[in-house]
Engineer: 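I have a structure here, written as structure tokens, and I will follow up with some questions on it.
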Amino acid sequence: MAGNNPRSNRSVSKKKGAQVGSGGNRRRGLEGKGPTPPAEMRKGHAKQRAAQAKARRAQGRPQRKGAKGTSELVVGRNSVVEALREGVPANALYVQQFIDNDERVREAVRVAGERGGIHLVEAPRPELDRMTNGLNHQGVVLQVPPYEYAHPEDLAAAAYDEGEDPLIVALDGVTDPRNLGAVVRSVSAFGGHGVVVPERRAAGMTAGAWKTSAGTAARTPVARATNLTRALEAYQKAGLTVVGLAADGEVELDELAALDGPLVVVVGSEGKGLSRLVGETCDVRVRIPMPGGAESLNAGVAAGVVLYEAARRRR
């Protein structure tokens, strides 16, 4: 039979082309890898992430949302008027029946009516006492709806969607809502993309934070992280540099080259600074030179200094 003929086998081995068993590897090895793919198709490239984020938006897929906050009541005539003036979100204004209708009460009702979307409710005093657990509400109570926090990943995705390098501030152990509001205001002023706060033992977006933000909280998202350390690690995997502010940091602010790239600035509390785990997670710890000799800056001021320097380098 032909299959047992040695001469026939030798004739097969003399054919041109790749030898039996090579799988064509020799030929493919000479072909090269072809042209370099565009940035949008390279895995992990910033432009690919931006393109993916844009595609998600085009498909109408909702962004991931963090947890909602809780409802809040603003009580007292002066506090209610200030909250309404500063644009603090509200869904109802409760006014006591047969109240002494002074100038502050009239202004609260007028501003609530002008803003629209705020229900005006007349309620008996016992009902307001029950709502406020007996606080001195002076016959006026403003109901603030739960704040809708973003998801930490949304902040970086939105920046890439705009073709920009993310600039995000994360707060570690900051419990004063006024400091949170001040940071939100600085992030908005210097072109940042949002603020991240831990879910526990941290200030949230209360009416006080809204007032301190001077209205910028309406356009600057705040994200809530279940675990701040894990959120920072996720940012690192996405290509962002995590920079922690510390009085004993190994690098001075003006020496930090990472300010003009994808960045997360982590600010600790004024007294304790960064927690141990968060400090160890940071890529680098940075100190702000203070020739005047102050021991530390509050969170709002420290974040503002770093954000200004980052914005200056990104021009």
Side-chain angles (χ1 to χ4, degrees), residues 65-150 171 173-189 194-224 269 298-300 303:
K65 289 293 180 183
K68 277 191 175 184
T70 57
S71 297
E72 182 185 1
L73 298 177
V74 179
V75 302
R77 300 183 184 186
N78 287 334
S79 298
V80 167
V81 169
E82 290 176 6
L84 288 168
R85 284 175 181 170
E86 296 295 338
V88 173
N91 50 21
L93 173 64
Y94 293 85
V95 180
Q96 180 181 317
Q97 290 175 336
F98 314 116
I99 192 174
D100 178 17
N101 196 6
D102 69 3
E103 181 180 348
R104 293 168 298 173
V105 175
R106 290 193 295 270
E107 182 175 3
V109 173
R110 177 182 60 80
V111 175
E114 291 174 349
R115 283 180 49 176
I118 301 177
H119 299 291
L120 298 177
V121 183
E122 190 176 39
R125 182 181 180 90
E127 176 64 15
L128 297 184
D129 291 340
R130 183 194 64 78
M131 288 175 57
T132 62
N133 291 322
L135 293 176
N136 184 22
H137 51 73
Q138 299 177 311
V140 183
V141 177
L142 186 69
Q143 186 178 57
V144 179
Y147 181 80
E148 292 191 7
Y149 291 93
L171 300 182
V174 175
T175 57
D176 189 339
R178 293 170 297 180
N179 267 334
L180 172 57
V183 171
V184 170
R185 188 172 183 177
S186 293
V187 169
S188 176
V195 180
V196 180
V197 297
E199 191 173 289
R200 288 171 293 197
R201 296 185 292 276
M205 283 305 298
T206 63
W210 270 94
K211 286 194 292 185
T212 309
S213 76
T216 59
R219 57 180 182 271
T220 302
V222 176
R224 178 173 272 181
S269 64
N298 68 33

Engineer: May I have the step-by-step check of side chain to side chain contact (heavy atoms under 4.5 Å, CB included) for Q143 and Y94, ending in yes or no?
Structural biologist: CA-CA 8 Å; Q143 186 178 57; Y94 293 85; 4.2 Å; yes
Engineer: For side chain to side chain contact (heavy atoms under 4.5 Å, CB included), just list the numbers for R85 and E107, CA-CA rounded to whole Å, side-chain angles, deciding distance to a tenth of an Å, and then say yes or no.
Structural biologist: CA-CA 10 Å; R85 284 175 181 170; E107 182 175 3; 2.9 Å; yes
Engineer: Write down the atom of A182, the atom of G300, and the distance for their closest heavy-atom approach.
Structural biologist: CB-CA, 4.1 Å
Engineer: Is it true that E103 and R106 make a salt bridge, defined as a side-chain N closer than 4.0 Å to a carboxylate O?
Structural biologist: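 No.
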Engineer: If you round to the nearest 0.5 Å, how far is CG of L128 from CD1 of I99?
Structural biologist: 8.5 Å
Engineer: Could you state the interatomic distance from CZ (R185) to OG1 (T220), rounded to the nearest 0.5 Å?
Structural biologist: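 Rounded to the nearest 0.5 Å, the CZ-OG1 separation comes out at 11.5 Å.
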Engineer: Run the numbers on L93 and V80 for side chain to side chain contact (heavy atoms under 4.5 Å, CB included), then give the verdict.
Structural biologist: CA-CA 9 Å; L93 173 64; V80 167; 3.8 Å; yes
Engineer: Does some side-chain heavy atom of Q96 sit less than 4.5 Å from a side-chain heavy atom of V141?
Structural biologist: no
Engineer: Can you tell me how far apart CG (L142) and OG (S79) are? Round to the nearest 0.5 Å.
Structural biologist: 10.0 Å
Engineer: Within a reach of under 6.0 Å around CZ of R178, are more than 12 heavy atoms found that belong to other residues, nucleotides or ligands?
Structural biologist: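 For R178, atom CZ is not crowded (no more than 12 foreign heavy atoms under 6.0 Å).
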Engineer: Looking only at heavy atoms, what is the nearest atom pair of G204 and A209, with distance?
Structural biologist: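 Heavy atoms of G204 and A209 come nearest at O-CB, 3.8 Å.
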Engineer: For the atom pair CZ (R104) and CD (Q138), what is the distance rounded to the nearest 0.5 Å?
Structural biologist: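 Rounded to the nearest 0.5 Å, the CZ-CD separation comes out at 5.5 Å.
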Engineer: Mind checking whether L84 and I118 have side chains closer than 4.5 Å, heavy atoms only?
Structural biologist: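 A side-chain contact under 4.5 Å exists here.
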Engineer: Could you tell me which non-hydrogen atom of V144 sits nearest to which non-hydrogen atom of A207, and how far apart they are?
Structural biologist: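 Taking V144 first and A207 second, the nearest heavy atoms are CG2-CB, 4.5 Å.
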Engineer: When you look at V74 and V88, which way does the side chain to side chain contact (heavy atoms under 4.5 Å, CB included) test go after all the steps?
Structural biologist: CA-CA 10 Å; V74 179; V88 173; 5.5 Å; no
Engineer: Between S188 and R219, what is the shortest heavy-atom contact and its length?
Structural biologist: OG-NE, 3.4 Å
Engineer: If you draw a 6.0 Å radius around CZ in R201, do more than 12 non-hydrogen atoms from other residues or ligands fall strictly inside?
Structural biologist: no
Engineer: Using side-chain heavy atoms (C-beta onward) and a distance below 4.5 Å, is M205 in contact with Y149?
Structural biologist: yes
Engineer: What distance separates E199 CD from R224 CZ, expressed to the nearest 0.5 Å?
Structural biologist: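 It is 6.0 Å, given to the nearest 0.5 Å.
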Engineer: What are the two closest heavy atoms between V183 and A303, and how far apart are they?
Structural biologist: CG2-CB, 4.1 Å
Engineer: Is any side-chain heavy atom of V81 closer than 4.5 Å to one of N78?
Structural biologist: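 No - every pair of side-chain heavy atoms lies 4.5 Å or more apart.
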Engineer: Over all heavy atoms of both residues, which pair between R77 and V140 is shortest? Give the atoms and the distance, please.
Structural biologist: CG-CG2, 4.0 Å
